[in-house]
Amino acid sequence: MTLLQDLECRLAAALAATLGEPATAAVTAAADLRFGDYQTNAAMVLAKQRKTNPRALAQEIIDHLELGGLATADIAGPGFINFHILPAAYAARVAELIRDPQLGVPPVGAGRTVIVDFSAPNVAKPMHVGHIRSTIIGDALCRIARFLGFTVIADNHIGDWGTQFGMILHGWKTLLDPAALDADPIPELLRVYRDVNALAKADPAALETCKNELVKLQAGDPDNLTIWRQCIEVSKRGLQKIYATLDVHFDHWLGESYYNDRLAGLVDEFVAKGIARESNGAICIFADGTRKPEDDPFMVHKEDGWTDNPTIIRKADGGFLYATTDLATIQFRIDEWHADHIWYVVGVPQQLHFRQLFDAAARWGKTGDFQHVAFGSILGEDRKLMKTRSGDNVQLTDVLTEAVDRAAKIIAEKSPDLQGAEAAEIAAIVGIGAVKFAELSQNRLTDYVFAWDRMLALQGDTAPYLQYSTVRIRSIFRKLDAPFDASAAAIILHDAAEVHLARLHARFGELLPAILEDFRPNLLANYLLELARAFHSFFEACPVLKSDEPLRSSRLALCELTGRILNTGLGLLGIRCPERM
RNA sequence: GCGCCUGUAGCUCAGUUGGAUAGAGCACCCGCCUUCUAAGCGGGCGGUCACUGGUUCGAGUCCAGUCAGGCGCGCCA
């Protein structure tokens, strides 16, 4: 049980005793340390309902509170009840956490399966900076959910079938340089795609040829299928390289093409069940008529009033769309993987698509907790959305290379004794970590303008700051002469810096479940910064190896627990820690 | 036309779901390495939370409206 849960239990008992009926109220971490460690506004909320004096009610509640050796409580301001955790209680909590491999994190996801749908790049096109958010946030959510006990399936729903293949096929047949493809396939594919794109724009006949190539592919033309397979193969190899660099992993790569043979039957079923019907030659899902138009994702307001806003699941030419594929994917994930939750880490512009998708799935009888984990857009220098089609965006590989180069430069400058392979390995850990942390430390809904210095910063509130604190901890243990058993150490919280460390240790398990309530990994990022800040202050104020027993063992134990939480927390964000830097 | 997102320090951003005197980093100024890694620590400067009303003990947070920027709304994904 976390300290917060403990306080809530005791508060609930006191409320019941005070009011004569069962009642619960939330306890939160205090906003300001001057007000103690935890606080509750229960008295003010309840006094309002009962029209009594909040401070008097708070006093009554405190009179009924059994806090034992855990904390003291007092009243402040308009009727806050502030809890001050006793140092001995913090020390006991630290001792518990040291023995707990889960570091106090409750297994809130046990017994439930979640599919995380993220990254999902289109093949045959390189990933650019715009792809970074889904990839990094999705991977972090997978790691966090696993740590909380969920069964997690990370699925890369790659775009391996869309209409772009018409252009790619035409380009492959007419413009491809086999030698260049052999040497480095991704840039060559990009070149071909870009050239065909320009060609099709200028020449309607070329566009027509592209469309024909697509029709042939979808009809099962053997030549086109062969090219298609080769194209996917080389693209996947390129993607795998980037994912390896990013330390991002998938359990499955079931792209759009995987669902091809289910689409026709799905459309028939939707028609048979009356969920979809023909309109202008296309098969569409319309509003079911049970809701007010403003609440219905299949209605939209135009100049002349409310009108239909259907989802098309089969085009007039017989082709299928990504809504069709997404519906088939939901069915597969529920039937084959027994998904309780599906989280789609996809940009906010697709919000309407997901509202319609989830609504259609529900009408189809597919139930589950489906969430669109939306994120804001990465904008170009002109504050406009990055154009996925132009291909002249900053490529993801370039960002990662630059990040590692910058880290290498700082290592050469600050730690000249690190050389060769070790220095290169550290540069990779630090550089990639910085990029990931820049993304994860910010609210996912915020739009931002891509800027090298912002994404690659290595000073201040960054991954290197956190990594540096773990390096300082490792350095202490490297200097240790004898083996150290933290679980045997008596915890003594002597200085204010030590109490503050313990306070933050206790909060790790309270914080992690909250992250998934609203999919906000930045809560973890901010927590880790606070913990690292507390550690650096402790490091300056409290000598560890030079202090006398029993303080020395206690401080070593605090270092070990801090290191474990920092390493675990960074690991949950997909960021590794070097031994030294 | 309607809907969604955003607007907080010079810059980049947080803000625990309505709490107490709104916080970090960068930049700038002052101090700290013969002591466990100075990628660090301590201190300072910096605010009409876009604007106007409303709800209440209390609003950056909720409601209404206005302004500014971005995105979306039938055969792309």
With a non-hydrogen cut-off below 4.0 angstrom, is A/D32 in contact with a base, only sugar-phosphate, or nothing? nothing
Name the residue from A/E510, A/E8, A/H84 that meets the side-chain hydrogen bond (donor to acceptor under 3.5 Å, both in side chains) definition with A/Y38. A/E510
Check whether any side-chain heavy atom of A/K436 sits under 4.5 Å from a side-chain heavy atom of A/P521, and report yes or no. no
Side chain of A/N82, base of B/A20: donor and acceptor closer than 3.5 Å? yes
Of the listed nucleotides B/A24, B/G1, B/C36, the one nearest the side chain of A/V544: B/C36
How is A/N41 classified with respect to the nucleic acid when contacts are heavy atoms under 4.0 Å: base, sugar-phosphate, or nothing? base
Within the sub-3.5 Å range, which N or O atoms of nucleotides 38-42 of chain B have a protein N or O partner, and how far apart are they?
unit_1 : atom_1 : unit_2 : atom_2 : d
B/A38  : OP2    : A/R472 : NE     : 3.4
B/A38  : OP2    : A/R472 : NH2    : 2.4
B/A39  : O4'    : A/K414 : NZ     : 3.4
B/G40  : O2'    : A/R472 : NH1    : 2.8
B/G40  : O2'    : A/R472 : NH2    : 3.4
B/G40  : O2'    : A/E540 : OE2    : 3.3
B/C41  : OP1    : A/Y465 : OH     : 2.5
B/C41  : O4'    : A/E540 : OE2    : 3.4
B/G42  : OP1    : A/S537 : OG     : 3.0

Has A/N443 got a side-chain N or O lying under 4.0 Å from the OP1 or OP2 atom of B/G15? yes
Using a 90° cut-off around 0 for syn, call B/G25 syn or anti. anti
Categorize A/E256 for me: base, sugar-phosphate, or nothing, with a 4.0 angstrom heavy-atom threshold over every strand shown. sugar-phosphate
Contact class for A/C284 (heavy atom, under 4.0 Å): base, sugar-phosphate, or nothing? base
List the steps and the verdict of side chain to side chain contact (heavy atoms under 4.5 Å, CB included) for A/Y448 and A/I378. CA-CA 5 Å; A/Y448 65 85; A/I378 304 182; 3.3 Å; yes
May I ask you to say what A/A514 touches in the nucleic acid, namely base, sugar-phosphate or nothing, with a heavy-atom cut-off under 4.0 Å? nothing
Base, sugar-phosphate or nothing for A/F286? Non-hydrogen atoms, less than 4.0 Å. base
For a quick check, with a 4.0 angstrom heavy-atom cut-off, what is the B/S/- contact string for nucleotides 60-73 of chain B, read 5' to 3'? ----------SSSB
Is a salt bridge present between A/E425 and A/R576, judged by a nitrogen-to-oxygen distance below 4.0 Å? yes
Side-chain N or O of A/R520 versus OP1/OP2 of B/G15: is the shortest distance under 4.0 Å? yes
Is the Lys NZ or Arg CZ of A/R277 less than 6.0 Å from the centre of A/F286's six-membered ring, within 45° of the axis? yes
Can you check B/C33 for me, syn or anti if syn means within 90° of 0? syn
Sugar-phosphate, base or nothing in reach of A/A451, heavy atoms under 4.0 Å: nothing
Between A/I75 and A/Q59, is there a side-chain heavy-atom distance shorter than 4.5 Å? yes
Less than 6.0 angstrom separating the ring centers of A/H372 and A/F358, yes or no? no
Short side-chain N/O contact from A/N522 to OP1 or OP2 of B/U16, under 4.0 Å: no
When only distance counts, do a donor and an acceptor, one from the side chain of A/Q164 and one from the base of B/A77, lie under 3.5 Å apart? no
Quick one: which of B/C36, B/U6, B/A20 gets closest to the side chain of A/A31? B/A20
Pull up the glycosidic torsion of B/U8 and say syn or anti, syn being anything within 90° of 0. anti
Once you apply a heavy-atom cut-off of 4.0 Å, does A/A374 come out as touching a base, just sugar-phosphate, or nothing? nothing
Would you kindly give the CZ-to-C1' distance between A/F320 and B/C76, to the nearest whole Å? 16 Å
Can you tell me which nucleotide in B/C13, B/G74, B/G19 comes closest to the side chain of A/Y448? B/C13
Establish, with yes or no, whether the OP1 or OP2 oxygen of B/C76 is under 4.0 angstrom from a side-chain nitrogen or oxygen of A/K315. yes
Answer yes if the side chains of A/T311 and A/Q356 hold a donor-acceptor pair under 3.5 Å, and no otherwise. yes
Looking at B/A20, I'd like to know if its phosphate oxygens (OP1 or OP2) sit under 4.0 Å from a side-chain N or O belonging to A/R34. no
If only side-chain N and O atoms count, and only distance matters, is there a donor-acceptor pair under 3.5 Å linking A/R503 with A/H500? yes
Would A/F80 pass as stacked on B/G19, i.e. its ring centre under 5.5 Å from the base's six-membered ring centre and planes under 30° apart? no
Who does B/G3 pair with, Watson-Crick or G-U, both distances under 3.5 Å? B/C71
When the aromatic ring centroids of A/F118 and A/H157 are compared, is their separation below 6.0 Å? no
Measure from the side-chain heavy atoms of A/L321 and tell me the nearest of B/G58, B/U17, B/A77. B/A77
Just verifying a value: how many Å separate A/L523 CG and A/I144 CD1, rounded to the nearest 0.5 Å? 9.0 Å
